[in-house]
Amino acid sequence: MAFTFFIFVILLKLSNVDSTHNLTNLFKAVLVFGDSTADSGNNNYISTTFKADHRPYGLDFPGGIPTGRFSNGKLVPDFWVSLLGIKQTIPPYLKPNLSNYQIRTGVNFASAGSGYDGVTARVSGVIPMTKQLNYFKEYIKRLKKVVGLKEAKSIVKGALVSISAGTNDFTISYYDLRTRRDDFAIGGYQDFVLKKLQNFTRELYRLGCRTMVVSGLPPMGCLPIQMASRFTRTCLKEQNFDARIYNQKLKKMLPRIQSSLAGSRIMYADIYTPLMEMIHNPQNYGFTQTKIGCCGLGFLEAGPICTPFTPLCTNPSNHLFFDSIHPSEAAYRHVTKTLLKQIIRYMNNSGHSF
């Protein structure tokens, strides 16, 4: 089945049009790496204060339970596995007693607060990207025990791999704590982070992955926490400019990586544009608030500071952000639709098919 036809079917699903097509053979599994925009609960099982294992997180998740996702509901990787017909949500790798089915169909290695720069993860005591790779190696060993060597290689090769990180490297290590300011000018730090990302994708390829979707940076200067820390409700132009330059570099780098890795498909996911579109035209997406998170009063409320005792908005779907950092489920749903359209263009322009 051609990939473009697959996307067409998915878009029909997004439009609530019934489809009888079986999508489960297009990707054998989904594997996720990254930060809090992707973490489905790994931080619940490590010693860190940066957790979302408490209300109001998860209030719109099935069952209304906090799972460790930094939102009121599902994240983009959850929408991926659901739209692909694999399962409804993607579990964290560190969750005890994962079933053989969960192992076969993919897990999530992301950790809230992480980044490509190892310094970033050490600040909050979370799982660095290098350790996420180590967990992936453990996963492959377990997968081999479940399905055998040949099928395990086939599953990894046929998986859709999502990589979403980098924001914390800049917001935490460069702008806020300024840990890396003495080591790099902004351009040099961008190149440093991109080199780490390049090494990460190459290691995934060496371990058998072939199809990867790599997210760029969001408009970091429009995150409520970044604006509030500068005592403003206006997007920080310098940080957004830095994000755009980084994204341009990433977009140019990925085709070079792909051309050097035979049989790979490495796609750039533009997160910046859809989020800015929602910020500039919120009424088109049902949002009435784009500068303040639903949880709190619009200052630093996130993770351990977003609690059951924190003031909460009446309708999270009206808010672009759920807390001071992370989008609401409604925003993630819109981002997922945009990413699907981006992948259509990528596949049409590159001539790839599945």
**Report entry** For Leu297, all residues meeting side chain to side chain contact (heavy atoms under 4.5 Å, CB included), sequence neighbours excluded
**Finding:**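 If we apply the side chain to side chain contact (heavy atoms under 4.5 Å, CB included) test to Leu297, skipping adjacent residues, the hits are Phe299, Glu301, Pro311.
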**Report entry** Heavy atoms from other residues, nucleotides or ligands near NZ of Lys137 exceed 12 (cutoff 6.0 Å)
**Finding:**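 Yes, NZ of Lys137 has more than 12 neighbouring heavy atoms, counting only those of other groups under 6.0 Å.
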Report task. Flag yes if more than 12 heavy atoms outside Lys131 fall under 6.0 Å of its NZ atom; otherwise flag no. Result ->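 Not buried by this count: 12 neighbours or fewer within 6.0 Å.
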Query raised in the report: With a cut-off of under 6.0 Å to the ring centre and 45° to the axis, is Arg210 in cation-pi contact with Tyr205?
Result: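 Yes, a cation-pi geometry.
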Do the ring centers of [X] and [Y] come within less than 6.0 Å of each other?
X	Y	result
Phe50	Phe70	yes
Phe109	Tyr135	no
His54	Tyr57	yes
Phe192	Phe184	yes

Are [X] and [Y] ion-paired here, with the side-chain N under 4.0 Å from a carboxylate O?
X	Y	answer
Lys141	Glu138	no
Lys251	Asp270	no
Asp191	Lys249	yes
Lys237	Asp242	no

Query raised in the report: Picking from Asp78, Asp53, Asp39, what satisfies side chain to side chain donor-acceptor pair (under 3.5 Å) with Arg69?
Result: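 The single option meeting the side chain to side chain donor-acceptor pair (under 3.5 Å) with Arg69 is Asp78.
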Query raised in the report: Are a donor atom and an acceptor atom from the side chains of Arg180 and Ser173 found within less than 3.5 Å of each other?
Result: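 No, because no side-chain N or O of Arg180 sits under 3.5 Å from a partner of the opposite role on Ser173.
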Requested in this report: Give the other cluster members for Ile172, using side-chain heavy-atom distances under 4.5 Å between Ile, Leu, Val, Met, Phe, Trp and Tyr residues; answer none if it is isolated.
Outcome: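 Taking Ile, Leu, Val, Met, Phe, Trp and Tyr as members, Ile172 shares its hydrophobic cluster with Val123, Leu177.
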**Report entry** Summary of ring-ring contact (aromatic ring centres under 6.0 Å, His included) pairs that have at least one residue in residues 243-264, sequence neighbours excluded
**Finding:**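 For residues 243-264: Phe170-Tyr246.
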Query raised in the report: Are the side chain of Lys51 and the backbone N or O of Asn43 linked by a donor-acceptor pair below 3.5 Å?
Result: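 A pair under 3.5 Å: yes.
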